[in-house]
Amino acid sequence: MMRRFAYLLAPLVLAAAGCTATTEQPERPAPATRAERPSPFADCTPLTVAPAAASSTSPGKAVSPTLAGKAGDQLPDLTLNCFTGGTPVSLRDVKGPAVINVWASWCPPCRKELPAFQRLSERADGRFQVIGVNSRDSRGGAQSIGEDYGVDFPMLLDQGDAFQRALGRNAFPLTVLVDADGRIRHTDATGALDDARLAALLQRHLGVRV
């Protein structure tokens, strides 16, 4: 009888002593976060530094039109974010000569001409800058096109198309040539540009031979 009572009493004693056997569940590791893909585009910091071999003399005679975005005007007083992050870039601080290409991933002519702009940037050799402005687009779309087409020149983001509106333009693609003094020399909206057409525009409006 006493032995049976001891068996019944043992669990109560153990519980009071805090020694009841418990099965602890191991902590589950936190779900791994998906690493963000590195940007294919270059950093935008060099955009505010004059190209090493750029000439300070602008071709032709500057004009003073009243409409924004015309030859002779300065770039719009806008600040855009860089695709890679960092300090936003004021367009007025961009150092020319520069070729600015406005594009979007959903625009077939834009995709067609992007490889020509990439080759142009590889031939710049410190004489001018090639700059992209990704407009009315998603970050994912721009990222994918940059990766697929091997585009690595600096890229600014303009999701609200403020740049085009400041220029009074509503075309894709759009190319803007800026001289060493930061003034617009030519705006082209004729469609997809190829290597020959780009070379002719640079020589005619910026005095640069490529």
Side-chain angles (χ1 to χ4, degrees), residues 40-42 46-47 50-55 57-63 65 67-76 80 83 91 94-137 141-142 145-156 158 161 163-210:
F41 308 114
L47 299 184
S55 170
T57 302
S58 303
K61 182 180 179 180
V63 294
L67 295 177
K70 300 299 182 180
D73 279 354
Q74 284 187 310
L75 284 171
L80 300 177
F83 195 95
L91 295 183
V94 169
K95 302 299 182 183
V99 181
I100 302 176
N101 176 237
V102 183
W103 67 285
S105 63
W106 46 260
C107 161
C110 300
R111 297 196 301 270
K112 182 178 180 180
E113 70 176 7
L114 271 175
F117 280 91
Q118 175 61 30
R119 289 189 292 269
L120 183 68
S121 72
E122 294 167 359
R123 297 198 300 269
D125 197 25
R127 295 172 296 162
F128 57 90
Q129 306 199 73
V130 176
I131 306 167
V133 174
N134 183 246
S135 181
R136 299 188 206 171
D137 207 352
I145 291 297
E147 293 169 343
D148 293 346
Y149 287 74
V151 176
D152 62 8
F153 48 82
M155 193 64 58
L156 299 174
D158 184 22
D161 75 344
F163 183 46
Q164 287 169 291
R165 285 187 284 109
L167 296 177
R169 301 285 183 142
N170 188 31
F172 282 87
L174 185 69
T175 300
V176 181
L177 304 184
V178 181
D179 67 18
D181 296 325
R183 294 189 176 276
I184 297 171
R185 285 295 164 186
H186 179 71
T187 303
D188 191 281
T190 58
L193 300 175
D194 57 18
D195 297 83
R197 178 67 175 149
L198 277 173
L201 290 174
L202 261 72
Q203 183 172 355
R204 178 177 179 182
H205 299 286
L206 298 182
V208 177
R209 187 183 297 271
V210 292

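Excluded from the calculations below are hydrogen atoms, water molecules and symmetry mates; all remaining heavy atoms, backbone and side chain alike, are included.
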Problem - Parallel, tilted or perpendicular: ring planes of F41 versus F83, cut at 30 and 60 degrees - result: perpendicular

Exercise for the section: With the side chain counted from C-beta on, respond yes when L156 and D158 share a heavy-atom pair under 4.5 Å apart, and no when they do not. Expected result: no

Practice task
Check whether any side-chain heavy atom of V133 lies under 4.5 Å from a side-chain heavy atom of L80, and answer yes or no.
Solution key: yes

Problem - Partner residues of D137 under the side chain to side chain donor-acceptor pair (under 3.5 Å) criterion, sequence neighbours left out - result: S105, N134

Exercise for the section: Output the distance between atom NE2 (H205) and atom OG1 (T187), rounded to the nearest 0.5 Å. Expected result: 9.5 Å

Fill in the blank from the handout: CZ (R204) and NE2 (H186) are apart, to the nearest 0.5 Å, by 7.5 Å

Handout entry: Q129 side chain reached by V99 side chain, heavy atoms, under 4.5 Å
Key = no

Practice task
Run the numbers on V210 and R127 for side-chain contact (heavy atoms from CB on, under 4.5 Å), then give the verdict.
Solution key: CA-CA 10 Å; V210 292; R127 295 172 296 162; 3.6 Å; yes

Handout entry: CG on L120 to CG on L198, rounded to 0.5 Å
Key = 5.5 Å

Fill in the blank from the handout: The residue among P173, S135, C107 that forms side chain to side chain contact (heavy atoms under 4.5 Å, CB included) with V102 is S135

Handout entry: Pair R197 + D188, salt bridge at N-O below 4.0 Å
Key = yes

Exercise for the section: Considering only NZ, NE, NH1 and NH2 on the basic side and carboxylate oxygens on the acidic side, decide whether R183 and D179 come within less than 4.0 Å. Expected result: no

Problem - Check: F128 and L202 side chains under 4.5 Å, non-hydrogen atoms - result: yes

Handout entry: Rounded distance (nearest 0.5 Å) linking atom OG of S121 with atom CG of D152
Key = 5.5 Å

Exercise for the section: Any chance you could measure N101, atom CG, to Q118, atom CD, to the nearest 0.5 Å? Expected result: 11.5 Å

Exercise for the section: Hey, could you give me the CG/CZ distance between D161 and R136, rounded to the nearest 0.5 Å? Expected result: 4.0 Å

Exercise for the section: Would you check, one step at a time, whether the test side-chain contact (heavy atoms from CB on, under 4.5 Å) holds for R185 with L206? Expected result: CA-CA 7 Å; R185 285 295 164 186; L206 298 182; 4.1 Å; yes

Handout entry: Pairs involving residues 113-125, ordered by first then second residue, that meet salt bridge (Lys or Arg N to Asp or Glu O under 4.0 Å) (sequence neighbours left out)
Key = R119-D195, R123-D195

Handout entry: F117 versus L193, closest heavy-atom pair with distance
Key = CZ-CD1, 4.1 Å

Problem - Between N170 and Q164: side-chain donor-acceptor atoms closer than 3.5 Å - result: no

Fill in the blank from the handout: Tightest non-hydrogen contact, residues A192 and P109, listed as CB-O, 3.5 Å

Fill in the blank from the handout: Closest non-hydrogen atoms of E147 and P40, given as atom of the first, atom of the second and distance, are N-CG, 4.0 Å

Handout entry: Nearest atoms (heavy-atom pairs only) where L177 meets L201
Key = CD1-O, 3.6 Å

Handout entry: Nearest atoms (heavy-atom pairs only) where L91 meets P76
Key = CB-O, 3.5 Å

Exercise for the section: Side-chain contact test, heavy atoms from C-beta onward, threshold under 4.5 Å: evaluate it for L167 versus I184 and give yes or no. Expected result: yes

Handout entry: W106 ring center near F172 ring center (under 6.0 Å)
Key = yes

Exercise for the section: Taking all heavy atoms of G126 and all of P51, pick out the closest pair and write down the distance. Expected result: O-CB, 3.1 Å

Exercise for the section: Could you check if a side-chain atom of K95 sits within less than 4.5 angstrom of a side-chain atom of L47, using non-hydrogen atoms only? Expected result: no

